[in-house]
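These notes are about the structure you will find just below.
Proteins come first, then strands; the chains are lettered A, B, ... in the order of their sequence lines, and each starts at number 1.
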There are 2 protein chains.
Amino acid sequence: MARLATTSDVYNAIAEPQRRSIINLLAKGELSVNDITETLELNQPQASKHLKVLKEVDLVTVRKAGKQRFYNLNGENLKPIHDWVMSFAHLWTERFDRLETYLDELQGKE
Amino acid sequence: MARLATTSDVYNAIAEPQRRSIINLLAKGELSVNDITETLELNQPQASKHLKVLKEVDLVTVRKAGKQRFYNLNGENLKPIHDWVMSFAHLWTERFDRLETYLDELQGKE
DNA sequence: TTGACATATGCTTATATAGGAATATATAGT
DNA sequence: ACTATATATTCCTATATAAGCATATGTCAA
């Protein structure tokens, strides 16, 4: 078997550099396919394809407006990755072990 | 072109579920190839191959001891991913915006 | 050296893309 | 209906694996 389909796995979805670039762009606010295409200097079909992958793992949502489709980042679905990577943060920052406690406080979990 | 080679990109290296499992295991301490093979119920060659990929992106290091090779997690190289994902953390936690400041303090960057 | 154990590498196969080009679909305006 | 614009989809190709299997390499012990 080959690698898992990107459409079934957020980790695979963000493994593609241009998809990360798209995510970076969308973090600033919604953009049309054309905006993304031009900013990243992609071919339009490529942009649509990457957006499709991101949509399938629910990392983005679409808003229809006339001829255009405005894509929005659905960043919450990066949280599992965040949580996973965070569990290793203590490896590069000794004082990071206080972080978890801090985060709990932040979220009011006490 | 197809996807970027896993050997050149940490994001691709961790896109493979079993490699993440290996990383999870190594987080608790160094393990031999055999330990990993048995714990994850892999074929020995597969374990070696995954470890090779992880080694090539410098996510693990090896310690030779007789016939065995003990692999150690080199978690610092997960930091770029951590940093990237962290930049979206405010999207799922409103009060997360205080986090960056906190992290700077933690690391003494002021 | 011979044998046993531990690990790495090579080969083959099936599959999953990513990109390019062409085309299809959708929507708005005239 | 016709046209222009915006976006999505299809087909094709080259490439990158991941797994399975066989085999090679490395190391220790008798």
Side-chain angles (χ1 to χ4, degrees), chain A residues 1-23 25-26 29-73, chain B residues 1-23 25-26 29-73:
Chain A
M1 240 191 298
R3 212 186 303 213
L4 272 190
T6 60
T7 55
S8 62
D9 187 336
V10 179
Y11 286 91
N12 270 303
I14 67 156
E16 221 292 322
Q18 296 193 314
R19 283 198 288 266
R20 289 200 299 280
S21 297
I22 291 176
I23 292 173
L25 279 184
L26 293 180
E30 70 171 11
L31 291 173
S32 70
V33 177
N34 224 347
D35 293 335
I36 295 170
T37 299
E38 288 175 7
T39 306
L40 298 182
E41 294 180 311
L42 300 174
N43 297 318
Q44 178 268 312
Q46 295 312 317
S48 282
K49 285 175 194 169
H50 283 314
L51 287 166
K52 185 179 185 179
V53 172
L54 293 174
K55 189 171 52 180
E56 281 172 323
V57 297
D58 208 31
L59 273 175
V60 300
T61 55
V62 200
R63 180 174 70 83
K64 304 172 78 166
K67 291 183 267 193
Q68 293 171 296
R69 301 296 145 86
F70 288 95
Y71 280 82
N72 287 274
L73 183 60
Chain B
M1 238 189 298
R3 214 184 302 212
L4 272 190
T6 59
T7 56
S8 60
D9 187 336
V10 179
Y11 286 90
N12 271 303
I14 67 156
E16 220 292 322
Q18 295 192 313
R19 283 197 289 266
R20 288 201 299 281
S21 297
I22 291 176
I23 291 174
L25 279 183
L26 293 180
E30 70 173 12
L31 291 173
S32 70
V33 176
N34 225 347
D35 293 334
I36 296 169
T37 298
E38 288 176 6
T39 306
L40 297 183
E41 295 181 310
L42 299 174
N43 296 319
Q44 179 269 314
Q46 295 312 315
S48 282
K49 285 174 194 171
H50 283 313
L51 287 165
K52 186 179 185 179
V53 172
L54 293 173
K55 190 171 53 182
E56 281 172 321
V57 298
D58 209 31
L59 274 175
V60 300
T61 55
V62 200
R63 181 175 69 83
K64 305 172 78 166
K67 290 182 267 194
Q68 293 171 294
R69 301 296 145 87
F70 288 95
Y71 281 81
N72 288 274
L73 183 59

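- Between the base of C:dA18 and the side chain of A:Glu16 there is no donor-acceptor pair shorter than 3.5 Å.
- Rounded to whole angstrom, the span from the CG atom of B:Asn12 across to the C1' atom of D:dT15 amounts to 13 Å.
- Of all the heavy atoms in A:Asn12 and B:Ala15, the pair that sits closest is OD1-CB, 3.4 Å.
- Between B:Gln44 and the phosphate of D:dC21, there is no side-chain N or O to OP1/OP2 separation shorter than 4.0 Å.
- Checked against side chain to side chain contact (heavy atoms under 4.5 Å, CB included), B:Lys55 has the following partners two or more places apart in sequence or in another chain: B:Val60, B:Val62, B:Tyr71.
- In this structure, B:Asp9 atom CG and D:dA16 atom P are separated by 14 Å, rounded to whole Å.
- The residue A:Ser32 sits close only to the backbone: its heavy atoms come under 4.0 Å of sugar-phosphate atoms, none of a base.
- In the region residues 45-52 of chain A, proximity to DNA chain C at under 4.0 angstrom, judged on heavy atoms, holds for A:Pro45, A:Gln46, A:Lys49, A:His50.
- Evaluation of the side chain to side chain donor-acceptor pair (under 3.5 Å) rule for A:Arg20 yields no partner, not counting sequence neighbours.
- A heavy-atom distance below 4.5 Å is found between the side chains of B:Leu59 and B:Ile14.
- For D:dA8, the OP1/OP2 oxygens have a side-chain nitrogen or oxygen of A:Tyr71 closer than 4.0 Å.
- Between A:Gln18 and A:Glu16 the shortest heavy-atom distance is N-OE1, 2.8 Å.
- Atom C1' of nucleotide D:dA16 and atom OH of B:Tyr11 are separated by 20 Å, given to the nearest angstrom.
- Atom CZ in B:Phe70 sits roughly 7 Å away from atom P in C:dT7 (whole-Å rounding).
- Residue A:Ile22 contributes atom CD1, which lies 11 Å from atom P of C:dA18 at whole-angstrom precision.
- Among residues two or more places apart in sequence or in another chain, the side chain to side chain contact (heavy atoms under 4.5 Å, CB included) test is passed with A:Thr37 by A:Val33, A:Asn34, A:Gln44, A:Ala47.
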Quick one, give me the B/S/- string for nucleotides 24-30 of chain C, reading 5' to 3', where B means a protein heavy atom under 4.0 Å from the base and S means that only happens at the primed atoms, P, OP1 or OP2. --SBS--
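- What separates CG of B:Asn34 from C1' of C:dA4 is a distance of 13 Å, to the nearest Å.
- Taking atom CD on A:Glu56 and atom C1' on C:dT17, their separation rounds to 13 Å, with Å as the unit.
- Every residue two or more places apart in sequence or in another chain that forms a side chain to side chain contact (heavy atoms under 4.5 Å, CB included) with B:Ile36 is listed here: B:Ile22, B:Leu26, B:Leu31, B:Leu40, B:Leu51.
- Residues passing the side chain to side chain donor-acceptor pair (under 3.5 Å) test with A:Glu30, sequence neighbours excluded: A:Arg63, A:Asn72.
- If you take CD of B:Gln68 and C1' of C:dA4, they are 14 Å apart, rounded to a whole angstrom.
- Of the possible polar contacts, none joining the A:Asn43 side chain to the A:Pro45 backbone as a donor-acceptor pair under 3.5 Å is found.
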